[in-house]
There are 2 protein chains.
Amino acid sequence: MSKQELEVIGQDAACCPEVSAAPLDERRAAELAKVFKALGDPVRLRLLSMIASRRGGEVCVCEMTPAFDLSQPTISHHLKLLRQAGLVDCERRGTWVYYWALPDVLDQLAAFLSTRQTAAATVGATA
Amino acid sequence: MSKQELEVIGQDAACCPEVSAAPLDERRAAELAKVFKALGDPVRLRLLSMIASRRGGEVCVCEMTPAFDLSQPTISHHLKLLRQAGLVDCERRGTWVYYWALPDVLDQLAAFLSTRQTAAATVGATA
DNA sequence: AGGTTGCATCAACGAATGTCAATACAGGCC
DNA sequence: GGCCTGTATTGACATTCGTTGATGCAACCT
């Protein structure tokens, strides 16, 4: 279940120029758009924040489904999209399925969007 | 033309908790989803990066339209969505219309997505 | 005034998306 | 085995989205 056809953001994207650095080429724009589209739904944003803010790191689907006024298949569908975007992963343990956040893609997006210095760069520059 | 019905991200959202801090409430999730949806299209991402990466700060529509294999109304439509998301603004000067980036919303999104320390927090902590 | 150029809006179309009921699958329990 | 519970998948539907040609509007130029 953990293996999807994701790999949405490739290896070579680890060192991504931010939005204000240079115009995006078509390929990278398509990659990024896929992830942003996954974030472009309030239900998925709430699901992601539920998962990412969990200190233990894992959230059971049985906990998320009743938190919304939506059917169980709908929640399952949204979780699948978050997985395909590389934002979360999951594992079945017995009857239940647990989800956790993958911070890498989130941090890549944050770095891409930020128009200011990154933490590391700032520390070096102001030292 | 600069006045839209935007105000997508309200004043009270200036100090936004990041995704890994706490579960999002419905209202804020809807606000953020609107902006992420605006970023969820490769054409809009390329338009935004063209605008944001321009050193002079402004880009004429007459420069952007021929950069895509799309009709002029389509580009105009995407630029309108970027404006409504609060990501860019524009002004007519004579025959031409110029667009520029509004970094505030971008930085808010970056802060929301980042699972690591922000620049300011890191500087303070490591001083 | 009339003509031209740059950009926005309108109306319409096919494609993608969000949702649900029904169904299928996986694992525990009797 | 059979039953039950939790989750994923399927099929269908209404809505939204991306795109275009046609049209409208604003500003410049004779």
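Letters A, B, ... are given to chains in the order of the sequence lines, protein chains preceding strands, and every chain is numbered from 1. A quick note: this is a predicted structure, and the numbers were derived from the prediction, not measured.
- A donor-acceptor pair is defined here as one N or O able to donate and one able to accept, closer than 3.5 Å; no such pair exists between the side chain of B:S114 and the backbone of A:D107.
- Contact between the side-chain N/O atoms of B:S76 and the OP1/OP2 oxygens of C:dA8 is found at a separation under 4.0 Å.
- In this entry the distance linking CE of A:M64 with P of D:dG6 reads 15 Å, nearest Å.
- Checked options A:Q72, A:M50, A:R46; the residue passing with A:M64 is A:M50 (criterion: side-chain contact (heavy atoms from CB on, under 4.5 Å)).
- Looking only at distances, no side-chain donor or acceptor of B:T74 sits under 3.5 Å from a matching main-chain atom of B:L70.
- Phosphate contact (OP1/OP2 of C:dC20, side-chain N/O of A:T74, threshold under 4.0 Å): present.
- Look at CD on A:E63: it is 13 Å from P on D:dG6, rounded to the nearest Å.
- The nearest whole Å value for the distance from the CZ atom in B:F68 to the P atom in D:dT19 is 10 Å.
- Here the side chain of B:R44 pairs no donor or acceptor atom with the backbone of B:H78 at under 3.5 angstrom.
- To the nearest angstrom, P of D:dG18 lies 13 Å from CG of B:L79.
- Using cut-offs of 30° and 60° for the angle between ring planes, the A:F36 and A:F112 rings count as tilted.
- Within the 4.5 Å cutoff, no side-chain heavy atoms of B:Y98 are placed close to those of B:V59.
- The NZ-P distance, from B:K34 to C:dG18, rounds to 16 Å in whole Å.
- When the nearest nucleotides of DNA chain C are assigned to B:P73 and A:L81 by heavy-atom distance, the more 5′-ward of the two goes with B:P73.
- Nearest-nucleotide positions on DNA chain D place A:Q72 closer to the 5' end than the other of A:K37 and A:Q72.
- Between A:G40 and B:W96, it is B:W96 whose nearest contact on DNA chain C lies nearer the 5' terminus.
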Can you tabulate the close N/O pairs, meaning under 3.5 Å, that link protein atoms to atoms of nucleotides 24-30 of chain D?
none

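- Comparing D:dT7, D:dT19, C:dC7 by their closest approach to the side chain of A:C60 singles out D:dT7.
- Atom CG of A:L39 is separated from atom P of C:dT17 by 14 Å (rounded to the nearest Å).
- B:H78 comes within 4.0 angstrom of sugar-phosphate atoms only, judged by non-hydrogen atoms across all strands, and of no base.
- Following rounding to the nearest Å, B:H77 (NE2) and D:dG21 (C1') show an atom-to-atom distance of 16 Å.
- We find that OH of B:Y98 is positioned 9 Å from P of C:dC7, with the value rounded to whole Å.
- In this structure, the side chain of B:R92 engages the main chain of B:G94 through a donor-acceptor pair within 3.5 Å.
- Residue contacts for A:I75: at a heavy-atom cut-off of 4.0 Å it reaches no nucleic acid atom on any strand shown.
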